[in-house]
Amino acid sequence: MSIMLFCEVFDPHVWLDAFKKAAPSVAIEFWPNVKHKGEVELIAVWGKPTFDFGQFSHLKCISSLGAGVDHILANDTIPSDIPITRVVDPGMWQQMSEYVVFAVIEHRRRFFGYLQGQQNKSWIKQSEIDLEDYTIGIMGLGSLGQDAARCLKALGYNVIGWSRTKKDLPGVHSFVGDDEFSEFLSRSNVLICFLPLTDDTRFIMDKALFSKLPKGAYVINVARGQMLVDEDLIEAIDQGHLSGAFLDVFQREPLEPEHPFWTHPKIHMTPHMSSNPVVENAVAQVLENYDRVKKSKLLLHEVKRNQGY
Ligand code: NDP
């Protein structure tokens, strides 16, 4: 019996070495060089799997090696009774919270303006935004969103959040569902997207959503590029309704060289690096689930396939 590793965009040997170190006795096979497909009980996935899951007759579990599962659920060959799990890791929350705290502080205190100032030997203070006029709206108050909310609250920011179900986070007003979405948006001077990509959230950040944000609002997207309508964002910035954006994820990655985001003066971007997997932690969770599969125990961090996350 074995685990199969599918790794599209990350050095597969990093994963393989970590699996071998953590569980030397477990048989690991690599897609596409799988000798015994009938032995594969768990498939660990990094990247978008395009193969037919039906060829693994003894498959019992599919594990995302990251926090998202949209790339796995996009494959329509997965039998409906196979559970899918994801990684929920404080090591990833910490990186993500650092990233959004940096983006928020940069926006409020204008640090990039000082970089330019230094080049011009200019000793001029930038105009900062008052904390009282500045509410951070976190769209998606799950594991990553909640950690970011805690970090921003600790720095004295006013933080609100929006999710499908009510949350009880000290000092963070929790808005719920479609009925409260407009009010949440109308109060968000900075909108940070931490939603999973599902049928409900695809292209959620469009012209209509931007028009509900206060004038001068700032958008940070660290979730998935397919939730953002790129042209609508550029239009809202160019018309002066939004003050800019900080983006880590894009509809197509790597972003094509001719894309206008690269050169837009009010858009800052990074190459999908806001939170990288902590390989040892991810492997430990997959191995724990492999053990649970064998013992028919409840799995860790199983996604609700009907909800898409
Ligand atoms: P969680 O599943 O823990 O949280 C998702 C949150 O979104 C929940 O609060 C959920 O509400 C809310 N939500 C989902 N659908 C809706 C909806 N239709 N309306 C309102 N709220 C909704 O996910 P994580 O926080 O762990 O991760 C979020 C996403 O971040 C991942 O799916 C992944 O795509 C992305 N990511 C990006 C990384 C990067 O490097 N850029 C790294 C890691 C993750 P409720 O709680 O009520 O269910």
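Scope of the values below: all heavy atoms of this structure, side chains included, with no hydrogens, waters or symmetry mates. Just so it is clear, the structure is predicted and the values come from calculations on it, not from any experiment. Each ligand, and each atom within it, is numbered from 1 in the order the structure gives.
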contact_flag [X] ligand 1 heavy-atom lt 4.0 Å:
X      : result
Gly66  : no
Leu141 : yes
Thr198 : no
Gln146 : no
Lys167 : yes

Which atoms of ligand 1 sit under 4.0 Å from any heavy atom of [X]?
X      : result
Met92  : 42 (C), 43 (C)
Ala67  : 43 (C), 44 (C)
Val222 : 37 (C), 38 (C), 39 (C), 41 (N)

Discussion item. Taking side chain to side chain contact (heavy atoms under 4.5 Å, CB included) as the criterion, tell me which of Leu228, Val229, Asp232, Leu195 meets it with Met205.
Written reply: Leu228
Where is the nearest protein heavy atom to [atom]: which residue, which atom, and how far?
atom                    : result
atom 5 (C) of ligand 1  : Pro196 CD, 3.7 Å
atom 11 (O) of ligand 1 : Arg164 N, 3.3 Å
atom 48 (O) of ligand 1 : Tyr309 OH, 2.5 Å
atom 38 (C) of ligand 1 : Met96 CE, 3.5 Å
atom 1 (P) of ligand 1  : Arg86 NH2, 3.5 Å
atom 30 (O) of ligand 1 : Leu144 CD1, 3.6 Å

Practice prompt. Kindly indicate, with the supporting measurements, whether the criterion salt bridge (Lys or Arg N to Asp or Glu O under 4.0 Å) is fulfilled by Asp17 and Lys20.
Written response: CA-CA 5 Å; Asp17 292 350; Lys20 281 190 173 156; 5.8 Å; no
Worksheet, complete the sentence: So for Met139 against ligand 1, with non-hydrogen atoms under 4.0 Å, the contacting part is neither
Determine, considering heavy atoms only, which of [options] sits nearest to [atom].
atom                    : options                        : answer
atom 40 (O) of ligand 1 : Pro277, Gly225, Ser174, Ser275 : Ser275
atom 18 (N) of ligand 1 : Asp200, Asn221, Val176         : Asp200
atom 19 (N) of ligand 1 : Phe194, Trp162, Phe181         : Trp162
atom 24 (P) of ligand 1 : Ala223, Ser143, Gly177         : Ser143

Worksheet item: Gly142 to ligand 1: N or O pair under 3.5 Å?
Response: yes
Discussion item. Under 3.5 Å between any N/O of Thr165 and any N/O of ligand 1: does that happen in this structure?
Written reply: yes
Discussion item. Using a 6.0 Å cut-off, check whether atom CD of Gln118 has over 12 heavy atoms from anything other than its own residue.
Written reply: no
